[in-house]
S.K.: 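I'd like to ask you about the structure that follows.
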Amino acid sequence: VSVLNWGGGGRHSRMTPDSDLFRGQRPHMHSALNGVVRDLQGSTKLPCADDAATGPTGPGGMRRVPSIQQLGLAEEELTEQPVWKVVLTGGPCGGKTTALSIIADKLRSMGLQVFTVPENATMFSTAGAGFPVHSNKEHQLTWETSRMICQMQMEDTFANIAKASGRATVILCDRGVVDASAYMDAETWAEVLDTMGWDPAALRDERYDMIMHMVSTAVGAESCYVNTVYRHETPQQAAVLDGKIQQAWQLHRKRCEVDNSTGYDEKVRRVVSYICRGIGLGGSSASLCSATYLLDKSVMVRERDAFPKAEHVHTLMVMLQNSVRDDYSFVRARRQKGCHSFVHGRSTPSAHSERQTSQEEFVASLALAHPQLEILSFDLWVWVDNTKDESGASVSTHCYELSQECSNPDVCRLKVETNGASQPDSAALPQWIRPYILCDVSNDGSYLEFELARRLSPTESLAPTAAET
């Protein structure tokens with residue numbers, strides 16, 4: 001298996017390549033997983049798109065293109081406002097936290113820098129400083145104002161870092177400070193504002209560029225509503241709370257409501273589409289359609305210069321124990337322009353969920369790698385094309401993701417997503433790529449990640465198959 005050299009971040013890893021962390025794995029798997037740990041500890045640096053600044057080409061001859069050009073935006077426009085703060089809000093069980101990492105990865109693939117601000121209330125509870133339900137009012141007000149100050153400081157700190165980077169950046173916030181008003185009565189909210197000297201209109205309108213309200217499943221998808229250790233509301237209470245949050249943000253100039261009229265995956269795609277439109281990357285439709293094609297591998301060699309604006313991304317995906325085709329868990333690491341992101345996810349026929357995780361948790365999860373499924377190591381090239389009308393306005397956006405599995409270069413896939421009015425069609429693809437299309441595999445499950453991990457495994461006969469599900 002080809003294992004990526006991730007580089008950097010070694011000071012966070014507590015595991016050593018020579019440890020017995022992966023005892024019991026197949027020999028080649030043991031070596032590969034320990035290789036991941038070595039690479040995360042910074043023993044080797046993989047060339048990436050940023051390295052092209054020192055020479056005419058990047059990896060594999062790819063030319064480096066600044067994200068300003070990738071976005072197709074004027075340099076002076078980005079200089080004036082390179083940072084967008086976007087709030088994901090809504091009632092309990094709307095899918096905000098789960099969607100955060102999925103949305104972040106999608107936007108990063110489009111060439112944007114993305115920072116995520118976690119939900120502070122959950123962070124406080126996890127740290128042992130949860131809301132003092134049974135304490136006096138002064139204690140509760142101190143907790144609420146302190147939490148809001150902490151949230152604003154995190155948002156402002158990330159904004160300062162983003163501005164200093166000189167890159168177009170989306171800051172995704174898991175709830176905004178105005179959400180607090182929905183969890184208290186009007187008198188208490190007024191007291192908080194008066195005590196701190198805050199202007200409610202400024203908190204709502206000046207801090208954030210867009211508000212994405214992901215409606216609680218308690219409204220329109222009651223059968224999907226579930227409670228967790230941090231969620232105790234009944235569906236009826238959640239629906240009321242969702243309405244209060246809608247009211248808190250209803251006067252914001254750029255507020256989008258994403259209801260439960262579709263499945264969860266489509267709900268997340270609608271959020272991505274709204275955000276893209278809000279920052280000038282999208283078209284007129286809020287719904288995304290997708291198609292996947294199998295390509296002749298020679299496209300990777302012959303046509304590199306045909307997609308010079310592509311973002312180069314390295315992805316490592318590890319299936320975890322007890323995974324089967326229709327219900328598998330995984331951890332994934334991405335490296336793009338020298339930056340790393342890590343997620344833990346689960347995929348079933350009815351839902352696909354992901355959450356951001358730390359490097360430490362990612363490395364620890366490698367000990368739980370499925371012993372009979374291969375590690376997937378992908379090279380991805382992602383680029384965006386806008387279709388414009390006669391006036392120059394964007395009417396649709398096509399996002400292309402070309403991936404090649406490093407340990408089996410014959411596996412070369414092109415995924416196309418569009419927010420135009422119709423399903424992507426091979427005839428509408430760029431002319432240079434059409435001769436390399438072998439077949440449409442949009443409905444072929446054998447090219448999903450789990451099946452690739454099973455087929456590429458040296459012990460394929462022992463790996464879990466579809467029959468086992």
Side-chain angles (χ1 to χ4, degrees), residues 1-9 36 39-40 44-53 57-71 100-116 165 167-170 172 272 276 281 290 292 295 297 299-300 303-304 306-318 330-345 354 356-357 359 362 375-385 397-409 411-417 433 447 449 452:
V1 62
S2 299
V3 180
L4 301 181
N5 298 317
W6 291 91
V36 175
D39 296 333
L40 283 171
T44 314
K45 184 175 183 293
L46 182 71
C48 66
D50 284 345
D51 299 330
T57 61
M62 283 292 293
R63 289 196 293 271
R64 176 178 182 265
V65 178
S67 56
I68 288 177
Q69 298 178 28
Q70 155 71 16
L71 292 171
L100 202 65
S101 64
I102 301 173
I103 295 169
D105 277 352
K106 181 64 67 177
L107 295 176
R108 288 184 184 115
S109 295
M110 294 180 179
L112 291 161
Q113 179 171 250
V114 181
F115 299 155
T116 57
S165 74
R167 293 183 58 193
T169 304
V170 173
L172 291 175
V272 173
C276 288
L281 278 179
S290 65
T292 304
L295 302 187
K297 65 179 180 180
V299 67
M300 306 301 290
E303 303 291 346
R304 284 283 174 83
F307 47 106
K309 292 184 179 181
E311 290 283 326
H312 192 190
V313 183
H314 298 284
T315 300
L316 190 73
M317 188 171 186
V318 182
F330 61 90
V331 288
R332 187 179 67 238
R334 289 166 56 101
R335 183 173 187 267
Q336 181 178 357
K337 292 187 174 180
C339 297
H340 301 79
S341 62
F342 305 91
V343 300
H344 183 287
E354 295 183 7
Q356 291 184 306
T357 186
Q359 179 176 303
F362 172 81
I375 298 173
L376 297 178
S377 174
F378 289 102
D379 268 329
L380 289 85
W381 286 266
V382 185
W383 70 99
V384 178
D385 281 342
T397 298
H398 284 69
C399 178
Y400 299 91
E401 181 179 286
L402 182 62
S403 63
Q404 189 171 36
E405 216 292 316
C406 297
S407 64
N408 184 6
V411 178
C412 187
R413 296 174 299 170
L414 177 68
K415 183 176 181 180
V416 186
E417 286 189 344
I433 209 167
Y447 288 95
E449 281 79 4
L452 286 176

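Given the structure is predicted, the values throughout are model-derived calculations rather than measurements. Each residue takes its place number in the sequence, starting with 1. These numbers come from the heavy atoms of this one structure, side chains and all, not from hydrogens, waters or symmetry mates.
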S.K.: Find out whether Phe342 and Leu316 are in side-chain contact, i.e. whether some heavy atom of one side chain is under 4.5 Å from a heavy atom of the other.
M.R.: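 In short, these two side chains do not touch, never coming nearer than 4.5 Å.
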S.K.: So how far is it from Leu112 CG to Cys276 SG, rounded to the nearest 0.5 Å?
M.R.: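 If we round to the nearest 0.5 Å, Leu112:CG and Cys276:SG are 7.5 Å apart.
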S.K.: How far apart are the closest heavy atoms of Tyr447 and Leu452, and which atoms are they?
M.R.: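 Between these two residues, the closest heavy atoms are O-CD1, 4.0 Å.
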S.K.: Grab the two heavy atoms, one from Asp105 and one from Arg332, that are nearest each other, plus how far apart they are.
M.R.: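 Result for this residue pair: OD2-NH2, 2.7 Å.
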S.K.: Find the distance between SG (Cys412) and CD (Gln404) and round it off to the nearest 0.5 Å.
M.R.: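 Answer for the SG-CD pair, Cys412 versus Gln404, is 5.0 Å.
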S.K.: Once rounded to the nearest 0.5 Å, what's the spacing between atom CD of Glu449 and atom CZ of Phe330?
M.R.: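 Here the rounded value is 8.0 Å.
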S.K.: The test is side chain to side chain contact (heavy atoms under 4.5 Å, CB included); show your working for His340 and Phe362 and say whether it passes.
M.R.: CA-CA 11 Å; His340 301 79; Phe362 172 81; over 6 Å; no
S.K.: Which label fits His312 and Trp381: parallel for a plane angle under 30°, tilted from 30 to 60°, or perpendicular past 60°?
M.R.: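 Answer is parallel, since the angle falls under 30°.
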S.K.: Could you grab the distance from atom CD1 of Ile103 to atom CZ of Arg108, nearest 0.5 Å is fine?
M.R.: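 These two atoms lie 11.5 Å from each other.
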S.K.: Do Val331 and Val343 have side-chain heavy atoms sitting under 4.5 Å apart?
M.R.: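 No, too far: nothing below the 4.5 Å cut-off.
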S.K.: Let me confirm one number: the CZ-OG1 distance from Arg334 to Thr315, rounded to the nearest 0.5 Å.
M.R.: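 Taking CZ in Arg334 and OG1 in Thr315, the distance rounds to 5.0 Å.
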S.K.: Within the structure provided, determine whether Leu295 and Leu402 are in side-chain contact (heavy-atom separation under 4.5 Å).
M.R.: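 Yes. Closest side-chain heavy atoms under 4.5 Å.
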S.K.: Please determine whether side chain to side chain contact (heavy atoms under 4.5 Å, CB included) holds for the pair Val313 and Arg335, giving the CA-CA distance in whole Å, both sets of side-chain angles, and the decisive distance to 0.1 Å.
M.R.: CA-CA 6 Å; Val313 183; Arg335 183 173 187 267; over 6 Å; no
S.K.: Can Ile375 and Met317 be said to form a side chain to side chain contact (heavy atoms under 4.5 Å, CB included), step by step?
M.R.: CA-CA 6 Å; Ile375 298 173; Met317 188 171 186; over 6 Å; no
S.K.: Looking at Thr116 and Ala104, what are the two nearest heavy atoms and their distance?
M.R.: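 Minimum heavy-atom contact is CG2-CB, 4.2 Å.
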S.K.: How far apart are the closest heavy atoms of Thr169 and Gln113, and which atoms are they?
M.R.: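 Closest pair (atom of Thr169, atom of Gln113, distance): OG1-NE2, 2.8 Å.
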